[in-house]
Amino acid sequence: MGRAKKVVLAYSGGVDTSVCIPYLKEEWGVEEVIAFAADLGQGDELEPIRIKAIDAGASQSIIGDLIEPFVEQFAFAAVRANALYEGRYPLSTALARPLIASRLVDIAREVGADAVAHGCTGKGNDQVRFDVAIAALAPDLMVLTPAREWGMSREETIAYGERFGIAAPVNKKSPYSIDLNLLGRSIEAGLLEDPFVEPPEEVFQMTSSIEKSPDTAQDLEIGFEGGNPVSLDGIGFDPVSLIRKVNHLAGKHAFGRIDMIENRVVGIKSREIYETPGLLLLIRAHQELESLTLPRDLLRTKAQVETQWAELVYQGLWFTPLKEALDQFINSTQKYVNGVVRVRLHKGTANVIGRSSPNNSLYIPSMATYGSDDQFDHKAAEGFVYIWGLPSKLWAEARRK
Ligand code: ARG
């Protein structure tokens, strides 16, 4: 891997991406490394990270504020898609990758770079997501992946960095690998590698433990328009503030922790801990509103599309014609997903206790009621049930003979 002169590196401030800077220059003969760090609302202080890249030898260090597009174009798309990978993980990490990749490519174009780079290792999903997204957006750009190739252990990586003035992480033996953004935190490795071991309380930051959560329940009304969350308890919020607020409320009530064994793209199973309170709550409420506003057959088909959508996003196939076509299907279903869902947050649970859609509800009281104002045609049911059951009857008769 050589020949690249000017490279834009996806930079996080962590050990691997920091070491990538001297490594690209010393070992692979890159002349200029431009670091790009994305602000995805993770709450990190970004100025120290920007400086750290310069200190590590970057010729330029850029911070990009991607919070708004992250929520509007990625998080809300996941809400409309009720996206849960393997039925559980709302893709909080996966959703960020195509956005970072696309900014990386834009910056590479702006500065006239001949390659981009990232610090992902060869075992995870994120390398797949970066590489595939970059290939889809800029098939001519080289992608350099030092951390996938250098074969250094973590200790060796730290030692290599120290030679170039990259300070060892304060928490040299922080056992976990953590990815975080506004939507959630993904925690793996360390003692979590034993799937029988309970995650210690210290790994969580966005969610309270059930024990420490309030004894009194709290109700929250989430308003949707066109499938997007727009209000909380009747008050309108912009997308970013809405996510922040829902994260806070759900997290306070200990809702949003996930402990799962998941199937990675590269074929291995891994044990993952997530906390993604807001996104998980919004998906649950959105699902509920769809059950009120969408016809039965559409719900059935959409459920299949949702599974596929979540898999594509997990597998790094965001920028593909299939994903685009599924988006068009999903978006075409959302026009009537308007209304309010009331949820009760309490001790790790978020139960729906009410839903309404004044204009678009398909729930027709005069059809559903068991009272005297029932308008459902009971006589019509007789013929319907006779014909519906006819195949069963014919089959049974034929076997009796
Ligand atoms: N398994 C999750 C995913 O593929 C999270 C990976 C996050 N990375 C990390 N360093 N913890 O989306």
Side-chain angles (χ1 to χ4, degrees), residues 8-22 33-72 74-75 92-93 95-97 99-104 106-107 111 116-120 126 130 147 154 157-158 161-162 164-190 201-208 238-248 251-252 256 273-279:
V8 184
L9 167 72
Y11 186 70
S12 71
V15 180
D16 282 341
T17 55
S18 295
V19 170
C20 280
I21 298 172
V33 177
I34 295 152
F36 169 67
D39 186 355
L40 295 160
Q42 61 271 52
D44 280 347
E45 274 230 63
L46 289 161
E47 187 53 21
I49 290 179
R50 200 189 65 76
I51 303 220
K52 191 170 178 192
I54 297 287
D55 291 345
S59 63
Q60 244 191 89
S61 185
I62 304 169
I63 302 288
D65 178 352
L66 304 182
I67 305 180
E68 261 180 43
F70 185 44
V71 175
E72 288 168 12
F74 292 80
S92 41
T93 288
L95 288 163
R97 303 314 183 189
L99 177 58
I100 298 171
S102 88
R103 265 315 280 153
L104 204 59
D106 289 345
I107 293 171
V111 303
V116 293
H118 62 72
C120 301
D126 290 326
F130 278 123
R154 187 160 171 86
T157 309
I158 292 171
E162 279 174 334
F164 294 91
I166 297 168
V170 205
N171 210 344
K172 218 174 197 173
K173 51 188 178 0
S174 162
Y176 309 110
S177 160
I178 299 172
D179 177 67
L180 71 162
N181 60 49
L182 183 61
L183 302 182
R185 298 174 69 251
S186 307
I187 310 127
E188 53 191 315
E201 198 48 40
E202 63 177 22
V203 309
F204 299 106
Q205 268 172 26
M206 296 174 82
T207 53
S208 158
D238 65 85
V240 174
S241 320
L242 187 136
I243 284 268
R244 285 193 200 281
K245 179 106 179 150
V246 184
N247 272 339
H248 174 74
K252 182 171 105 185
I273 305 296
Y274 299 106
E275 46 178 356
T276 106
L279 186 56

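- Looking at Asp106 and Arg103, a side-chain N of the basic residue comes within less than 4.0 Å of a carboxylate O on the acidic one, giving a salt bridge.
- Counting all heavy atoms, side chain and backbone alike, Arg154 lies closest to Val15 at NH2-CG2, 3.9 Å.
- When every heavy atom of Ser18 is checked against every heavy atom of Tyr11, the shortest pair comes out as OG-OH, 2.9 Å.
- Contact detail for Leu182 and Met206: the closest heavy-atom pair is O-CE, 3.9 Å.
- Side-chain contact between Arg97 and Asp179: present, with at least one pair of heavy atoms (C-beta onward) separated by less than 4.5 Å.
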message = Please evaluate residues Ile178 and Gln205 with respect to the criterion side-chain contact (heavy atoms from CB on, under 4.5 Å), reporting the C-alpha separation (whole Å), side-chain torsions for both, the decisive distance (0.1 Å), and the verdict.
response = CA-CA 11 Å; Ile178 299 172; Gln205 268 172 26; over 6 Å; no
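- Looking only at side-chain heavy atoms (C-beta outward), Val246 and Pro277 stay at 4.5 Å or farther from each other.
- Residues Phe36 and Val116 are not in side-chain contact: their nearest non-hydrogen atoms beyond the backbone lie 4.5 Å or more apart.
- To the nearest 0.5 angstrom, Leu46 atom CG is 4.5 Å from Asp39 atom CG.
- Residue-environment remark: CD (Glu45) stays at or below the threshold of 12 foreign heavy atoms within 6.0 Å.
- With values rounded to the nearest 0.5 angstrom, Leu104 atom CG is found 8.0 Å from Leu9 atom CG.
- Atom CD1 of Ile21 is separated from atom CD1 of Ile166 by 6.5 Å, given to the nearest 0.5 angstrom.
- In this structure, CD1 on Ile63 lies 7.0 Å from CZ on Arg50, to the nearest 0.5 angstrom.
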message = Does Leu40 form a side-chain contact (heavy atoms from CB on, under 4.5 Å) with Leu66? I'd like the steps, not just the answer.
response = CA-CA 6 Å; Leu40 295 160; Leu66 304 182; 4.0 Å; yes
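- A distance of 11.0 Å separates CD1 in Ile100 from CG in Leu95, rounded to the nearest 0.5 Å.
- Note that OG1 of Thr207 and CZ of Arg185 are 8.0 Å apart. Values are rounded to the nearest 0.5 Å.
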Stepwise side-chain contact (heavy atoms from CB on, under 4.5 Å) check, Leu183 with Phe70 = CA-CA 9 Å; Leu183 302 182; Phe70 185 44; 3.4 Å; yes
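- Taking every heavy atom of both residues into account, His118 and Ala10 meet most closely at CB-CB, 4.3 Å.
- Considering only heavy atoms from C-beta on, Arg244 comes within 4.5 Å of Ile67 through its side chain.
- Using modelled atom types, no side-chain atom of Thr17 and backbone atom of Gly119 make a donor-acceptor pair closer than 3.5 Å.
- For the residue pair Thr276 and Ser92, no side-chain donor N or O sits within less than 3.5 Å of a side-chain acceptor on the partner.
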